[in-house]
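Everything on this sheet refers to the single structure shown next.
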Amino acid sequence: MKRVNITLDFRFVRYNGQVWTKSSFDYKFWQRYLMTFEHVNIIARVEDTDSQEGLKPVTGEGVSFTEIPYFLGPKDYFFKRGAIRKKLKEIISPNEAYIMRVPSTIADILQPLLMKNNIEYGIELVGNPYDT
């Protein structure tokens, strides 16, 4: 597989049309996946910001971003779940790899869609649901 899509529940920010991070998951973080794949596509939520101060770029050569509808908290997630599912259905492809960093509400929607379409996927366990 040449391209991997990676989902995570982290909230990124957009400034001037570019995706940035205030802390984790900057461009350097995604380089490790480029040792195996030619391209990394991040699937996550993004909110707009009005300042670039303290931000680090997320995308760059070999790393792109697909934005899903932004939500904050369980109530907002409940109301946007349908739109998130619709977006994920639009972007899945049987010719691409998928890694879901879990636990993740986005992965909870994506995993059944991948199974329904007989698309294999990987799980990267980054937190224990029992502890969170």
Side-chain angles (χ1 to χ4, degrees):
M1 300 257 173
K2 295 182 179 188
R3 175 175 151 128
V4 63
N5 296 281
I6 303 174
T7 65
L8 68 159
D9 272 359
F10 189 78
R11 295 189 305 263
F12 294 90
V13 295
R14 178 181 32 247
Y15 177 77
N16 239 4
Q18 175 76 26
V19 178
W20 304 82
T21 181
K22 296 177 183 177
S23 58
S24 304
F25 308 113
D26 63 353
Y27 180 71
K28 188 175 183 179
F29 175 84
W30 303 105
Q31 300 302 297
R32 66 188 177 132
Y33 295 97
L34 292 174
M35 290 187 278
T36 304
F37 299 96
E38 291 178 17
H39 190 90
V40 175
N41 181 56
I42 305 157
I43 302 172
R45 52 195 156 152
V46 179
E47 66 178 326
D48 289 316
T49 187
D50 57 2
S51 171
Q52 187 180 356
E53 186 176 332
L55 299 180
K56 299 179 273 186
V58 174
T59 59
E61 186 177 340
V63 180
S64 62
F65 200 95
T66 298
E67 178 181 340
I68 63 159
Y70 186 82
F71 63 92
L72 182 60
K75 184 177 179 181
D76 199 24
Y77 171 74
F78 175 78
F79 288 110
K80 297 203 177 141
R81 182 171 164 70
I84 296 165
R85 186 176 190 280
K86 180 180 177 191
K87 179 66 174 185
L88 291 172
K89 279 178 76 172
E90 291 171 2
I91 63 172
I92 61 172
S93 170
N95 301 319
E96 297 179 355
Y98 292 85
I99 297 174
M100 294 175 283
R101 293 176 55 88
V102 296
S104 162
T105 53
I106 297 167
D108 290 346
I109 298 172
L110 180 61
Q111 187 266 342
L113 295 173
L114 295 174
M115 286 188 68
K116 182 179 179 180
N117 290 284
N118 294 317
I119 300 172
E120 294 180 355
Y121 58 88
I123 300 279
E124 191 172 350
L125 184 60
V126 294
N128 184 340
Y130 180 78
D131 291 336
T132 57

- Hey, what else clusters with Trp20 if you join Ile, Leu, Val, Met, Phe, Trp, Tyr whenever side-chain heavy atoms sit under 4.5 Å?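 Val13, Tyr15, Leu55, all in the cluster of Trp20.
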Would you compute the distance between atom [atom1] of [X] and atom [atom2] of [Y] and round it to the nearest 0.5 angstrom?
X     : Y     : atom1 : atom2 : result
Thr49 : Lys22 : OG1   : NZ    : 5.5 Å
Ile68 : Lys86 : CD1   : NZ    : 14.5 Å
His39 : Glu61 : NE2   : CD    : 10.5 Å

- Query: How about Lys56: does its NZ atom have over 12 heavy atoms from other parts shown lying under 6.0 Å from it?
  - Reply: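 Counting other residues, nucleotides and ligands, NZ of Lys56 exceeds 12 neighbours.
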- Task: Measure centre to centre between the rings of Phe37 and Tyr33, then say whether the value is under 6.0 Å.
- Result: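 No, too far apart.
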Counterpart residues, side chain to side chain contact (heavy atoms under 4.5 Å, CB included), relative to [X] (two or more places apart):
X      : answer
Leu34  : Gln31, Val40, Val63
Asp108 : none
Ser104 : Asp9, Val102, Ile106, Ala107

- Message: I'd like to check Gln52 versus Asn16 (side-chain heavy atoms, cut-off strictly below 4.5 Å). Are they in contact?
- Response: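 No. Closest side-chain heavy atoms not under 4.5 Å.
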- Side chains of Tyr77 and Ile84 in contact at under 4.5 Å (non-hydrogen atoms):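 Yes, close enough: below the 4.5 Å cut-off.
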- Message: Going by the rule ring-ring contact (aromatic ring centres under 6.0 Å, His included), which residues pair with Tyr70 if we only count those two or more places apart in sequence or in a different chain?
- Response: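 Checked Tyr70 against ring-ring contact (aromatic ring centres under 6.0 Å, His included); zero matches.
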- Any residue meeting ring-ring contact (aromatic ring centres under 6.0 Å, His included) with Tyr27, in chain and number order, not counting sequence neighbours: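 Tyr27 satisfies ring-ring contact (aromatic ring centres under 6.0 Å, His included) with no residue once adjacent residues are dropped.
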- Message: For residues Leu72 and Phe25: do they belong to one hydrophobic cluster (side chain heavy atoms under 4.5 Å, members Ile, Leu, Val, Met, Phe, Trp, Tyr)?
- Response: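 Per the 4.5 Å side-chain linkage, Leu72 and Phe25 are not co-clustered.
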Contacts of [X] that satisfy salt bridge (Lys or Arg N to Asp or Glu O under 4.0 Å) - sequence neighbours left out:
X      : answer
Lys80  : Asp76
Asp48  : Arg14
Arg101 : Glu124

- Nearest heavy-atom pair of Asn41 and Ser64: which atoms, and what distance?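 Scanning both residues, the minimum pair turns out to be OD1-OG, 2.9 Å.
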- Closest non-hydrogen atom pair between Pro69 and Arg45, with its separation: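 So the minimum-distance heavy-atom pair works out to O-CB, 4.2 Å.
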- Could you give all pairs that pass the ring-ring contact (aromatic ring centres under 6.0 Å, His included) test and reach residues 40-65, with sequence neighbours left out?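 As it turns out, the ring-ring contact (aromatic ring centres under 6.0 Å, His included) pairs with a partner in residues 40-65, which skip direct neighbours, are Phe12-Phe65.
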- Would you mind listing every ring-ring contact (aromatic ring centres under 6.0 Å, His included) that reaches into residues 78-111, with sequence neighbours excluded?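 Listed once each, the pairs would be none.
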- Message: side-chain contact (heavy atoms from CB on, under 4.5 Å), that's the test. Do Thr66 and Lys87 meet it? Break it down for me.
- Response: CA-CA 10 Å; Thr66 298; Lys87 179 66 174 185; 4.0 Å; yes
- Message: Using a 3.5 Å distance criterion without hydrogens, assess whether the side chain of Trp30 forms a donor-acceptor pair with backbone atoms of Val58.
- Response: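 Flag not set: sc Trp30 to bb Val58 has no pair under 3.5 Å.
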- Task: Apply side-chain contact (heavy atoms from CB on, under 4.5 Å) to the pair Leu88 and Ile43, showing each step before the final yes or no.
- Result: CA-CA 9 Å; Leu88 291 172; Ile43 302 172; 3.9 Å; yes
Without placing hydrogens or testing angles, list every side-chain donor-acceptor pair under 3.5 Å for residues 110-120, not counting sequence neighbours.
from: Gln111; atom 1: NE2; to: Tyr121; atom 2: OH; distance (Å): 2.7
from: Asn117; atom 1: ND2; to: Leu113; atom 2: O; distance (Å): 2.8

